Each structure stands twice: as structure tokens, then as C-alpha cells.
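To start, the structure itself, in C-alpha cells.
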Amino acid sequence: MYMLKGEKGVERFTEMVMEIIKSIPSGKVMSYGQIARVAGKPRGARQVVRILHAMSKKHKLPWHRVINSRGEIGIQDEELFFTQKSLLEGEGVQFKGKSTIDMEKYRYHPDCDEYL
DNA sequence: GTCATGACAACGG
DNA sequence: CCCGTTGCCATGA
């Protein structure tokens, strides 16, 4: 159970998102929308983005294992793009194109019950 | 309070 | 498959 910090759903959502991201094993990836759904907010993909970005500065989160739903790195900044790609390749993820990977092969399927 | 922004998603053409 | 539009919602100005 991850019911920390009072009754504010936002707080719990944040905690869950962080736990989920930390639970992604090396060599696997998840999409923002997928994380949002598992955390209980089907429409919260953009908040996942925000949380991830904000938290990765303070905590050590495997942010590079989070990509967009198309199975590609949708990042604009070249430096960050290269960083993420390198980290993934370093974990054994094969790229099919400049920024595309095989989602069906690398997607991580967490058990939702772990986060209730 | 409004308004713009964002490591996005889903859908239509 | 590529492109544009629309929806979403926390955060900061």
C-alpha cells in the first residue's frame, strides 16, 4: 500500500508514479500514459511527465526507461535525446530507427495490485 | 483569479 | 505512416 501523505490524491499519485518508475527493470520501458493508468489517472500522462522531470533532479529515477506511446523517444533536445538513447542501448535495448524501439518486446507490464 | 506551458495520448484525415 | 487537432491537468508567471 502506498497511501502516504494524507488524503490528497495528487500526493498519492506522485508517490505511486515514482514507485512505478523505480520498479521498471533494466532493459524494459514504459510509456507515460501507461504509468498514468497504472497509477490511477488514465488522463494523467502529462502529470507523469511533470513529476518525472521534477523528481529526476532530486531523486535518482530511471527516467530514460519512460518513453512515449509510439515506442520512441519523443524528446526535442538533442543532448537529452542522445543521453536517453545511450542509457537504453547500454541496457540492451535495440533501436529500430533513429528513435524507435520495439515496444511489444521491451514494454514492462507491472501488476496493478502492487500499487493499490 | 486567468493564461501559457509541457520528457504526452488518442483520434481523425 | 505522417500530420494536425483536441483533450488533459499540475505548475508557474
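Side-chain atoms are counted along with the backbone in the values below, which use heavy atoms only and exclude waters and symmetry mates. Everything numeric in this text was worked out from a predicted model, so none of it was measured.
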**Prompt:** Are A:R37 and B:dC8 close enough that a side-chain N or O sits under 4.0 Å from OP1 or OP2?
**Reply:** no
Expressed in angstrom and rounded to an integer, what is the separation of [X] atom [atom1] from [N] atom [atom2]?
| X | N | atom1 | atom2 | value |
| --- | --- | --- | --- | --- |
| A:L52 | C:dA10 | CG | C1' | 15 Å |
| A:K96 | C:dC1 | NZ | C1' | 13 Å |
| A:E72 | B:dA9 | CD | P | 10 Å |
| A:K41 | C:dC8 | NZ | P | 13 Å |
| A:R50 | C:dG12 | CZ | C1' | 9 Å |
| A:I73 | B:dA9 | CD1 | P | 13 Å |
| A:M55 | C:dA10 | CE | P | 14 Å |
| A:I35 | B:dC8 | CD1 | P | 12 Å |

**Asked** Under 4.5 Å between any side-chain heavy atoms of A:V66 and A:S31, yes or no?
**Response** no
**Message:** To check you understand the geometry: which heavy-atom pair defines the closest contact between A:M30 and A:I35, and what is its length?
**Reply:** CE-CG1, 3.8 Å
**Request:** Name the orientation of the base relative to the sugar in B:dA7: syn if the glycosidic angle is within 90° of 0, else anti.
**Result:** syn
**Request:** Please determine if A:E91 and A:K28 form a salt bridge, counting it only when a charged side-chain N lies under 4.0 Å from a carboxylate O.
**Result:** no
**Any-strand Watson-Crick or G-U partner of B:dG6, both distances under 3.5 Å** = C:dC9
**Item:** For B:dG13, the Watson-Crick or wobble partner whose two distances fall under 3.5 Å
**Value:** C:dC2
**Asked** When A:Y106 is tested against each of A:I67, A:V93, A:L88 for side-chain contact (heavy atoms from CB on, under 4.5 Å), which residue passes?
**Response** A:V93
**Under-3.5 Å donor-acceptor pair between A:R43 side chain and C:dC8 base** = no
**Message:** With a 3.5 Å cut-off and heavy atoms only, can you find an N or O donor on one side and an acceptor on the other between the side chain of A:S56 and the base of B:dA7?
**Reply:** yes
Among the nucleotides [options], which one has an atom lying closest to any side-chain atom of [X]?
| X | options | value |
| --- | --- | --- |
| A:Q47 | C:dC9, B:dA9, B:dA7 | C:dC9 |
| A:R46 | B:dA7, C:dA10, C:dC8 | C:dC8 |
| A:S69 | B:dA9, B:dA7, C:dG7 | B:dA9 |

**Asked** If you find the nucleotide of DNA chain C closest to A:G44 and the one closest to A:R70, which residue's nucleotide is nearer the 5' end?
**Response** A:R70
**Prompt:** Stepwise, does the side chain to side chain contact (heavy atoms under 4.5 Å, CB included) test hold for A:I21 with A:R65?
**Reply:** CA-CA 8 Å; A:I21 292 172; A:R65 296 181 191 145; over 6 Å; no
